[in-house]
Amino acid sequence: MGLIDYGAGNLVSVAQGLEIAGAAVRPVRRAGDLAGLELVVVPGVGAAAPAMARLEEAGLVEPLQAWLVEDRPFLGICLGLQLLFEGSDEDDAIMLGAIPGRVRLLTGGRRLPHIGWNQVERRRGHPAFAGIPNGADFYFVHSYAGRPEHPYTDDVVLGETTDGGRFVSAIARSRLLGVQFHPERSGPHGLRFLRNVVGLVRDDRFPREIPSPAVEVVA
Amino acid sequence: MLLRRVIPCLDVANGRVVKGTRFVDLVDAGDPAELAERYAREGADEIVFLDISAAPEGRGPLLDVVRRTAQRVFIPLTVGGGVRSEDEMGAVLRAGADKVSLNTAAVADPSLIARCAARFGRQAVVVAIDARRKLGQPAWEVLVRGGRDAVGLDAIAWAQRAADLGAGELLVTSIDRDGTQSGFDLGLLRAIASRVPVPVIASGGAGEPADFISAISEGGADAVLAASIFHRQQHSIDDVKAAMAGAGIPVRVAPRAA
């Protein structure tokens, strides 16, 4: 399993978490490193534009986009989730564009960054959260969050979290997973999540949802 | 809902956890990695790890201790003590820390905060402020080098500046209360928490579970840090959190290891 090494601060803790979860992890620094991988994990804390610039420098933007188009197993963590959207209000960054929507500053909370433990309320079942109670606490540290363009019709939203306002804290679409929290720093629940993901990849047990028709749902 | 955090602090000198009173009279309190693991198991929301011997002796941080701790502890780890540059901060993060706390070096060169925030993100930059009340005034001055030297800097103004420059959190320690177990300096906490937009971690003076409650409800803190109350096993993290929950403060009940 490959961990994108583009200078993100939490690389080590994500690698350790994945190893505890049973994965053999190797760093991905250039496109050639993607060959033969079962799962790509994009970790990340920090700002959107420098992260995209570093992916660009490493020649990884197009290979990652191809990986996502081919629906190969992918896990984005924190900034790694945000990078999946089309763009971000943070630095007006242009991102990978795998999920329609935009990353926006959190609003309504007590303070920014949103740092600490908060609950992930699941909107549907998913094997990545097997054995983890709905509403379990996970560790967050971020100021922005992705807002899918059609959250109620495109089946991408898996979990939501409230800090003043509500934001999307977990997404899943076929073999693509993204979480705004840090599973590698979320204690036993976080390690369970990583073990679940590693198991899904190993046995290719991802639920393959058929995208629902674009019917407008009045919220 | 975002939960209020309880954070045990491990002051480390020469690779051992130590605890003193008002930053002096240090006594040995154990191995850092072992103690961090125990606290994580007991429900700590985060671990802060300060190498208090680093800055005064001009040494780099003890990366191997950071590495050993980070491998065993799957909750956030903040490391401070003697970090003077972006490169040193990068080395601490690569050793497994999630956040780095800057103190003496940031006071000497405030642009360090902005440079570290630009490179690693502001959420990775904690600015630690050691403050001492000015006699007879509602004002506090900043001390550096492990609480040794005053530098003529107002703590509230410095807190605001640090947040403006890119600190993602402020760790505010009352030197007057540190290790005394006589309660937090609520005036200091209130003065800073009401003026900065970033989370404030209260430190210095925890003696009773009630002190954690007042740091949050009266001091306006987002997280509470303590050392000796936990090291001396006077109160467990569970006791403290139960008292906080009883006072209506949202806290995390840690799951048993899966």
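Proteins come first, then strands; the chains are lettered A, B, ... in the order of their sequence lines, and each starts at number 1. Values in this document were obtained by computation on a predicted structure and should not be read as measured data.
For A/Leu112, the part lying under 4.5 angstrom from a heavy atom of chain B is the backbone only. For a residue to count as touching a neighbouring chain, one of its non-hydrogen atoms must lie under 4.5 Å from one of that chain's; by this rule B/Val196 touches chain A with backbone and side chain alike. Both the backbone and the side chain of B/Ala70 come within contact range of chain A, with heavy atoms under 4.5 Å apart. For B/Ala167, no part sits under 4.5 Å from any heavy atom of chain A, backbone or side chain. When heavy atoms are compared at a cutoff of 4.5 Å, A/Ile20 approaches chain B solely by way of its side chain, counted from C-beta outward.
Counting heavy atoms from C-beta on, the side chains of A/His142 and B/Gln123 never come closer than 4.5 Å. At least one side-chain heavy atom of A/Ile115 sits less than 4.5 Å from a side-chain heavy atom of B/Arg5. Proximity of A/Ser13 to B/Asp98: side-chain heavy atoms (C-beta onward) are separated by under 4.5 Å at one or more points. Taking 4.5 Å as the limit, every side-chain heavy atom of B/Pro250 sits out of range of all side-chain heavy atoms of A/Trp117.
Under a cut-off of 6.0 angstrom, the local environment of CD1 in A/Ile94 is sparse, with at most 12 non-hydrogen atoms contributed by other residues, nucleotides or ligands. At most 12 non-hydrogen atoms from other residues, nucleotides or ligands lie less than 6.0 angstrom from CD of A/Glu62.
Chain A forms more heavy-atom pairs under 4.5 Å with one residue of B/Val251, B/Val198, B/Val253 than with any other, namely B/Val198. Heavy-atom pairs under 4.5 Å with chain B peak, among A/Leu79, A/Thr162, A/Asp137, at A/Asp137. Interface summary for chain B: among A/Gly109, A/Pro183, A/Gly187, the most heavy-atom pairs under 4.5 angstrom belong to A/Gly187. Note: B/Gln71 leads B/Arg122, B/Lys99, B/Arg67, B/Gln71 in heavy-atom pairs under 4.5 Å with chain A. Chain A forms more heavy-atom pairs under 4.5 Å with one residue of B/Gly121, B/Pro197, B/Gly90, B/Gly96 than with any other, namely B/Pro197.
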Tell me, with the steps shown, if B/Phe74 and A/Gln16 meet side chain to side chain contact (heavy atoms under 4.5 Å, CB included).
CA-CA 9 Å; B/Phe74 291 93; A/Gln16 286 170 348; 4.3 Å; yes
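Counting only distance, with no hydrogens or angles, the side chain of A/Gln119 and the backbone of B/Met1 share a donor-acceptor pair below 3.5 Å. In terms of modelled atom types and a separation under 3.5 Å, the side chain of A/Arg110 and the main chain of B/Pro199 share no donor-acceptor contact. Side-chain atoms of A/Arg111 never come within 3.5 Å of backbone atoms of B/Val200 as a donor-acceptor pair (strictly under, hydrogens ignored). A/Arg185 contributes a side-chain N or O that, together with a main-chain N or O of B/Val73, makes up a donor-acceptor pair within less than 3.5 Å.
Under the rule for a side chain to side chain donor-acceptor pair (under 3.5 Å), the partners of A/Arg29 that lie at least two apart in sequence or sit in another chain are A/Asp5.
The two residues B/Pro255 and A/Pro188 have their closest heavy-atom pair at O-CG, 3.8 Å. In plain terms, the two heavy atoms of A/Val12 and B/Leu93 that are nearest each other are CG2-O, 4.2 Å.
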